[in-house]
> 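This is the structure I want to talk about, given as structure tokens.
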2 protein chains.
Amino acid sequence: MPVMSKKSYHHGDLKNALISAAIEIVAQEGVYGLTLRKAARKAGVSHNAPYAHFTDKQALIAAIAVDGHSKIQSLISKVVEKYPNDPLQQLVHLAWAYVQFGLRSPAHYKITFSGLIENEKNYPAFVEVSQLSMSAIKKITADCQSAGILKKSDYEVEMVAVSMWGLIHGLVSLVIEGQVSSKLLMRNPPKAMLIATLQQVVCVPLDVSILNS
Amino acid sequence: MPVMSKKSYHHGDLKNALISAAIEIVAQEGVYGLTLRKAARKAGVSHNAPYAHFTDKQALIAAIAVDGHSKIQSLISKVVEKYPNDPLQQLVHLAWAYVQFGLRSPAHYKITFSGLIENEKNYPAFVEVSQLSMSAIKKITADCQSAGILKKSDYEVEMVAVSMWGLIHGLVSLVIEGQVSSKLLMRNPPKAMLIATLQQVVCVPLDVSILNS
DNA sequence: AATCAAACTTGACAATGTCAAGATTATATC
DNA sequence: GATATAATCTTGACATTGTCAAGTTTGATT
């Protein structure tokens, strides 16, 4: 791994530098503000340098999405480690991680989870990492069912996991889009909102205090 | 309302013509294929004509979203008329309308419900129509609660409605993005999928046969 | 040390969003 | 009904963008 020297012809770590730059741009100017040339400028290279690492503008966007999935996954790992054998805590904190990521970095969240990538199958890294996310949710869901925390439906585990995923993702989307009135948010901050939602799905009553950590 | 004469300087109904053209483009070439100039070409006007009706490219996108909301709302109206005093049927068919719209016109659905509009507050028509959608869902949800079909939570009706909305929207999003494996879809076609999902939320068992219509 | 491939640059091109200024037509006012 | 006014549409121009082509620099391999 070559050191990032100040002024060499070769950047050394341009790919990651471009991704970071792109994430910053997206955070500051939104999805439509992202430009290949702008990212290149921010990384201090010429306007065509990105093409050595990304075939497309879409490929850079896909890389941002991969980064988003990775961030969520590292959060999930931490949560699973912190609450072993407690799938309810894992589930709630998993959902909470999504909400936090979504509210903290809306644009990044959108790119990652809201289907802004046109042909995802063209980007194997994205396909792989998004399947990993799904696997994590599936595992936690299955554990919840075994522990009697989630209803067992007649359909397979994946079915219920998709429902959970959808529920959380849908909620976050609505909050980000502002379709949930701010008044409602004031009276029911996201954390309580999440609990209320999960209570619809979970068949044991939830104690809100489990979230104080 | 002037007739759409063949070759007058004034188009007569350019605004709607542009929206239709844009929807077609989006359906055929995806969101990134949409271009102001392309829509203008398709409507047979000069490249700057759209600016008489839309301040922005974003404004045209917002108009597409408004159209999507309108389509869903007319579907909702029909369903509510068809099943008066049967909130469960209303709920299921409402959800089903979303799924159908999403699977039939993925790109249009994305623009309408997936937050592709950057600053929605800048487009009052969009804000208004999306609030109407929410109101419809809220009413049906409340009716379901009154009928004992949906659990009453400690939180207000809007809370539960948001959950329902989120659940449906999240599911459709995942299907559109292809994050739900096609194998799963084969074994559980969308209609059954929807039922499975609703069974997580609804506290009375659902009979799949109610969907045969 | 010579070769090769990867990483990066410069240059070019068509397409796009949008501004400015002018042309055409509908509508309202007298 | 003529005239003013505003809405609608056109032509022209410009900077920016994604991407192709061709060349340059450099690290790696032999």
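Numbers restart at 1 for each chain; the letters A, B, ... are given by sequence-line order, proteins then strands.
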> Quick one: does A:Lys38's side chain have a donor or acceptor within less than 3.5 Å of a partner on A:Gly33's backbone?
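Checking the backbone N and O of A:Gly33 against the side chain of A:Lys38, a donor-acceptor pair under 3.5 Å is found.
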> Using a 4.0 Å heavy-atom cut-off, does B:His47 contact any base of the nucleic acid, only the sugar-phosphate backbone, or nothing at all?
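Base contact.
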> CD1 of B:Ile25 versus P of C:dT16: gap in Å, rounded?
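Those two atoms, CD1 and P, are 10 Å apart.
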> Using atom CD of B:Gln58 as one end and atom C1' of C:dG17 as the other, report the distance to the nearest whole Å.
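Rounded to whole Å, this separation is 12 Å.
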> How many angstroms lie between NZ in A:Lys82 and CD in A:Gln90, if you round to the nearest 0.5 Å?
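Separation between the atoms: 12.5 Å.
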> Considering only side-chain heavy atoms of B:Ala52, which listed nucleotide, D:dC9, C:dT18, D:dG18, is closest?
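So the nucleotide nearest the side chain must be D:dC9.
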> Taking the minimum atom-to-atom distance to the side chain of A:Tyr51, which one of C:dT16, C:dC8, D:dT19 wins?
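The nucleotide sitting nearest to the side chain is D:dT19.
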> C:dA7 P sits how many Å from A:Asp13 CG, rounded?
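Going from A:Asp13 (CG) to C:dA7 (P), I get 12 Å.
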> Using atom CG of A:Leu36 as one end and atom P of D:dT17 as the other, report the distance to the nearest whole Å.
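About 10 Å, once rounded to whole Å.
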> Taking the side chain of A:Ala49 as its heavy atoms from C-beta onward, which of C:dT18, C:dA7, C:dT9 lies nearest to it?
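Taking heavy atoms from C-beta onward, the closest nucleotide is C:dT9.
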> If the test is side chain to side chain contact (heavy atoms under 4.5 Å, CB included), which one of B:Leu75, B:Ile140, B:Val79 qualifies with B:Leu94?
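Result: among B:Leu75, B:Ile140, B:Val79, B:Ile140 is the only option passing the side chain to side chain contact (heavy atoms under 4.5 Å, CB included) with B:Leu94.
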> Among D:dT17, D:dT19, C:dT10, which nucleotide has an atom closest to any side-chain atom of A:Arg41?
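The answer is D:dT17, which lies nearest to the side chain.
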> Output a table of donor-acceptor pairs, distance under 3.5 Å, between side-chain atoms of residues 55-63 of chain B and any protein atom two or more places apart or on a different chain; print 'none' if there are none.
{"residue": "B:Lys57", "atom": "NZ", "partner": "B:Leu34", "partner atom": "O", "Å": "3.1"}
{"residue": "B:Gln58", "atom": "OE1", "partner": "B:Glu118", "partner atom": "N", "Å": "3.2"}

> Atom CG of A:Leu14 to atom C1' of C:dA7: distance rounded to whole Å?
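Distance check: A:Leu14 CG to C:dA7 C1' gives 9 Å.
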> Check the pair B:Phe101, B:Thr112 against side chain to side chain contact (heavy atoms under 4.5 Å, CB included), reporting the backbone distance first and the verdict last.
CA-CA 10 Å; B:Phe101 181 44; B:Thr112 307; 4.2 Å; yes
> Mind calculating the distance between CZ (A:Arg37) and C1' (D:dT17) to the nearest angstrom?
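In whole Å, D:dT17 C1' lies 6 Å from A:Arg37 CZ.
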> Measure from CG on A:Leu34 to C1' on D:dG18 and round the result to the nearest Å.
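Atom-to-atom, A:Leu34 to D:dG18, this comes out as 12 Å.
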> Measure from the side-chain heavy atoms of B:Val45 and tell me the nearest of C:dG17, D:dT10, D:dG18.
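My answer, after comparing the listed nucleotides, is D:dT10.
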> Could you state the atom-to-atom distance from OH of A:Tyr32 to P of C:dT18 in whole Å?
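Going from OH in A:Tyr32 over to P in C:dT18 covers 12 Å.
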> Among D:dT19, C:dT16, C:dT10, find the nucleotide with the atom closest to the side chain of A:Ser46.
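Looking only at heavy atoms from C-beta outward on A:Ser46, the closest nucleotide is C:dT10.
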> Check whether any side-chain N or O of A:His53 sits under 4.0 Å from OP1 or OP2 of C:dC8, and answer yes or no.
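True: A:His53 side-chain N/O within range (under 4.0 Å) of C:dC8 OP1/OP2.
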